[in-house]
Amino acid sequence: MSIVWSFSSLKTFQQCPRKYYHAKVAKDIKESDTKATLYGKQMHTIAEEYIRDGKPIPPAFNYLEPTLQMLAAIPGEKLCEVKLGLTRDMKACDFDAPDVWWHGIADLVIINEEKGLAHSVDYKTSKSARYADTKQLDLVAAGIFAKFPKINRIKSALVFVVSKEFVKADHAKEKELQYIAQVIPDIDRIEASLSTNVWNPVSGPLCKFCAVTECEYNRS
């Protein structure tokens with residue numbers, strides 16, 4: 001079985017290989033939306049429609065306006081919900097191509113080919129940037145470099161819209177292989193588990209919320 005991975009599936013494996021197996025391999029569980037995830041989806045839709053179509057922001061989300069106005073003012077072509085894919089040899093491909101190896105979605109990409117510059121934005125609705133992980137930005141940057149060959153530099157950011165925090169990263173085309181290389185050890189672990197069919201569970205504070213109810217660590 002070949003692997004197709006994303007930042008979120010990699011985080012799932014790091015959290016618990018057993019959960020990864022049921023969610024991504026056997027596909028016999030599906031986690032239900034929570035109030036937080038539904039709110040996040042709504043916020044993403046509002047941001048997309050504002051940037052792409054100029055649709056007014058609903059009053060309950062007025063706090064988004066200064067941030068979205070700032071992003072809309074950045075020069076360049078605005079692309080929302082950009083689907084990215086890479087083959088194993090780091091070539092650009094469609095998100096769901098038969099030979100896709102990694103895939104991800106960028107919430108907002110602003111392309112300025114004249115300057116060889118792009119901006120990459122991922123919206124977060126967490127109340128704090130305390131546990132921000134910029135590896136997500138690194139992976140998306142590799143996908144952008146492959147998809148847009150005229151881009152040499154990317155200014156990336158995790159935008160925490162509630163706390164109004166920006167976790168920034170600068171990316172250079174000459175380092176695109178490094179952005180993927182840093183997670184290869186975890187990809188190797190997933191492929192080893194696929195080969196041996198051994199998916200050892202990991203006990204943690206989130207076990208009681210896990211959809212893998214038959215796991216010995218799930219005491220819900």
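The residues of the chain are indexed from 1 along the displayed sequence.
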Do Asn218 side-chain atoms and Val212 backbone N/O form a donor-acceptor pair below 3.5 Å? yes
Neighbour count above 12 (heavy atom, 6.0 Å) for Lys78 NZ: yes
side-chain contact (heavy atoms from CB on, under 4.5 Å), that's the test. Do Leu84 and Trp102 meet it? Break it down for me. CA-CA 8 Å; Leu84 303 165; Trp102 166 86; 3.9 Å; yes
Should the pair Lys135-Asp138 be classified as a salt bridge under the 4.0 Å nitrogen-to-oxygen rule? no
Report whether Ile180 and Phe148 are members of the same hydrophobic cluster (ILVMFWY, side-chain heavy atoms less than 4.5 Å apart, transitive linking). yes
Could you measure the distance from the OG atom of Ser120 to the NE2 atom of His171? Nearest 0.5 Å is fine. 8.0 Å
Please check if the side chain of Ser156 supplies one atom and the backbone of Asp170 the other of a donor-acceptor pair under 3.5 Å. no
Examine distances only and state if a side-chain atom of His103 and a backbone atom of Gly85 form a donor-acceptor pair shorter than 3.5 Å. no
Arg18 versus Val202: any side-chain heavy-atom pair under 4.5 Å? no
Does the side chain of Val161 come within less than 4.5 Å of Tyr63's, by heavy atoms? yes
CA sep, side-chain torsions, deciding dist, call: Glu48, Glu81, side-chain contact (heavy atoms from CB on, under 4.5 Å): CA-CA 8 Å; Glu48 178 183 357; Glu81 296 296 307; 3.4 Å; yes
Heavy-atom count check: over 12 atoms from other residues, nucleotides or ligands less than 6.0 Å from Lys164 NZ? yes
Start with the C-alpha distance between Tyr50 and Lys55, add both sets of side-chain angles, then the distance that settles side-chain contact (heavy atoms from CB on, under 4.5 Å), and finish with yes or no. CA-CA 5 Å; Tyr50 178 88; Lys55 184 175 179 178; 5.7 Å; no
Using the rule that two of Ile, Leu, Val, Met, Phe, Trp, Tyr join whenever any of their side-chain heavy atoms come within less than 4.5 Å, decide whether Ile110 and Val82 are in one cluster. no
Qualifying residues under ring-ring contact (aromatic ring centres under 6.0 Å, His included), relative to Trp199, sequence neighbours excluded: Tyr20, Tyr21
salt_bridge(Lys19, Glu31) N-O dist < 4.0 Å: yes
Okay, side chain of Ser128, backbone of Arg130: is any donor-acceptor separation there less than 3.5 Å? yes
Is there a donor-acceptor pair under 3.5 Å between the side chain of Thr34 and the backbone N or O of Thr37? yes
Single hit among Cys16, Pro17, Ser9 for side-chain contact (heavy atoms from CB on, under 4.5 Å) with Phe13: Pro17
Can you name the nearest heavy-atom pair linking Leu137 to Ala169, along with the distance? CD1-CB, 4.2 Å
Using atom types as modelled and distance alone, determine if a side-chain donor or acceptor of Glu65 lies under 3.5 Å from a backbone N or O of Asn62. no
Quick test of your reading of the model: are Lys124 and Asp122 salt-bridged, counting only N-O distances below 4.0 Å? yes
CG/Asp33 to CG/Leu38 distance, rounded to the nearest 0.5 angstrom? 4.5 Å
Is there a side-chain contact (heavy atoms from CB on, under 4.5 Å) between Lys155 and Leu117 once you walk through the steps? CA-CA 8 Å; Lys155 292 184 177 294; Leu117 174 67; 4.1 Å; yes
Would Met90 and Leu139 show up in the same hydrophobic cluster when neighbours are defined by side-chain heavy atoms closer than 4.5 Å? yes
Is it true that Glu165 and Lys127 have a side-chain N and a carboxylate O under 4.0 angstrom from each other? no
Do Trp101 and Ile3 come within less than 4.5 Å of each other through their side chains, counting heavy atoms only? yes
Does some side-chain heavy atom of Leu158 sit less than 4.5 Å from a side-chain heavy atom of Phe166? no
Identify the two heavy atoms, one from Tyr179 and one from Ala172, that lie closest to each other, and give their separation to 0.1 Å. OH-N, 3.0 Å
Heavy-atom nearest pair, Ile144 first then Ala118, reads CG2-CB, 4.5 Å
Can you tell me how far the NZ atom of Lys83 sits from the SG atom of Cys93, to the nearest 0.5 Å? 13.0 Å
Go through it in stages, so that I can follow the logic: the residues are Glu77 and Arg52, the test is salt bridge (charged side-chain N to carboxylate O under 4.0 Å, His left out), and I'd like the CA-CA distance, side-chain angles, deciding distance and then a yes or no. CA-CA 10 Å; Glu77 181 184 7; Arg52 187 192 63 212; over 6 Å; no
Considering the options Ile105, Leu108, Asp107, which one meets the side-chain contact (heavy atoms from CB on, under 4.5 Å) requirement together with His44? Asp107
Can you tell if the side chain of Val100 reaches within under 4.5 Å of the side chain of Leu86, non-hydrogen atoms only? no
Please say yes or no: joined through hydrophobic side-chain contacts below 4.5 Å, possibly via intermediate residues, are Met70 and Val167 part of one cluster? no
Is the closest side-chain heavy-atom distance between Ile187 and Leu10 below 4.5 Å? yes
Any chance you could measure Ile29, atom CD1, to Cys215, atom SG, to the nearest 0.5 Å? 10.5 Å
So OH of Tyr123 and CZ of Phe160: to nearest 0.5 Å the spacing works out to 14.0 Å
Between the side chain of Thr45 and the main-chain N/O of Lys41, is any donor-acceptor distance below 3.5 Å? yes
Just wondering, do Trp5 and Val183 contact through their side chains at under 4.5 Å, heavy atoms? yes
Quick check: are there more than 12 heavy atoms from other residues, nucleotides or ligands sitting under 6.0 Å from CD of Glu214? yes
Residues Asp99 and Lys91 bridged, charged N to O under 4.0 Å: no
Verify the ring-centre separation between Phe61 and Tyr39: is it less than 6.0 angstrom? yes
Close side-chain approach of Asp133 to Gln136, heavy-atom, < 4.5 Å: no
Co-membership, hydrophobic cluster, residues Leu79 and Val140, 4.5 Å side-chain: yes
CD1-NE2 distance between Ile151 and His119, expressed to the nearest 0.5 angstrom: 10.5 Å
